[in-house]
Amino acid sequence: FKGFLIGLTDIVPGISGGTMALILGIYHKIIKALASLNTQWFIYIVSFKFKKSAKILDYNLLIPLGFGILFGIFFLLG
């Protein structure tokens with residue numbers, strides 16, 4: 001649901017998705033998760049070792065958030 005709200009605000013001029021993430025209290029979690037990206041994660045992804053890559057990147061946060069953002073964007077555009 002939070003991703004959906006961020007996706008909705010990405011479409012509205014003058015409102016940032018980052019601002020909505022801050023309001024929802026997940027901004028710092030997103031930044032921390034994205035900051036953990038490194039070359040080891042990329043090596044795991046390229047070699048299809050997804051379980052090992054999940055130890056580096058917080059998929060439980062980013063995947064549902066990403067789908068929610070996409071759904072929110074397409075909801076307003078459609």
Side-chain angles (χ1 to χ4, degrees):
F1 180 73
K2 291 179 180 182
F4 179 75
L5 291 176
I6 292 171
L8 289 177
T9 57
D10 282 336
I11 297 297
V12 178
I15 302 176
S16 167
T19 303
M20 183 55 73
L22 188 64
I23 292 169
L24 295 172
I26 60 172
Y27 181 80
H28 295 290
K29 291 179 184 178
I30 296 169
I31 296 300
K32 183 179 177 183
L34 293 176
S36 66
L37 286 173
N38 58 24
T39 55
Q40 185 63 48
W41 175 84
F42 183 73
I43 291 169
Y44 286 150
I45 290 296
V46 171
S47 59
F48 299 104
K49 297 178 182 176
F50 299 113
K51 288 185 180 181
K52 287 187 177 184
S53 72
K55 293 179 182 178
I56 296 174
L57 192 62
D58 188 3
Y59 291 135
N60 292 328
L61 171 69
L62 295 177
I63 290 175
L65 188 68
F67 278 119
I69 290 170
L70 290 174
F71 183 69
I73 289 172
F74 289 120
F75 180 78
L76 272 182
L77 292 178

Using side-chain heavy atoms (C-beta onward) and a distance below 4.5 Å, is Phe50 in contact with Ile45?
yes

Can you tell me how far apart CZ (Phe1) and CG (Leu65) are? Round to the nearest 0.5 Å.
13.0 Å

Same cluster or not: Ile11 versus Leu8, using hydrophobic residues (I, L, V, M, F, W, Y) connected whenever any side-chain heavy atoms lie under 4.5 Å apart?
yes

Relative to the ring of Phe4, is the ring of Phe75 parallel (under 30°), tilted (30 to 60°) or perpendicular (over 60°)?
perpendicular

Side-chain donor-acceptor distances from residues 12-37 under 3.5 Å, at least two apart:
from: Ser16; atom 1: OG; to: Gly18; atom 2: N; distance (Å): 3.0
from: Ser36; atom 1: OG; to: Ala33; atom 2: O; distance (Å): 2.5
from: Ser36; atom 1: OG; to: Ile56; atom 2: O; distance (Å): 3.0

Among all residues two or more places apart in sequence or in another chain, which pass the side-chain hydrogen bond (donor to acceptor under 3.5 Å, both in side chains) test with Ser53?
Tyr59

For the atom pair CG (Asp10) and CD1 (Ile73), what is the distance rounded to the nearest 0.5 Å?
5.0 Å

Cluster partners of Leu70, using ILVMFWY side-chain heavy atoms under 4.5 angstrom, listed by chain and number?
Phe74

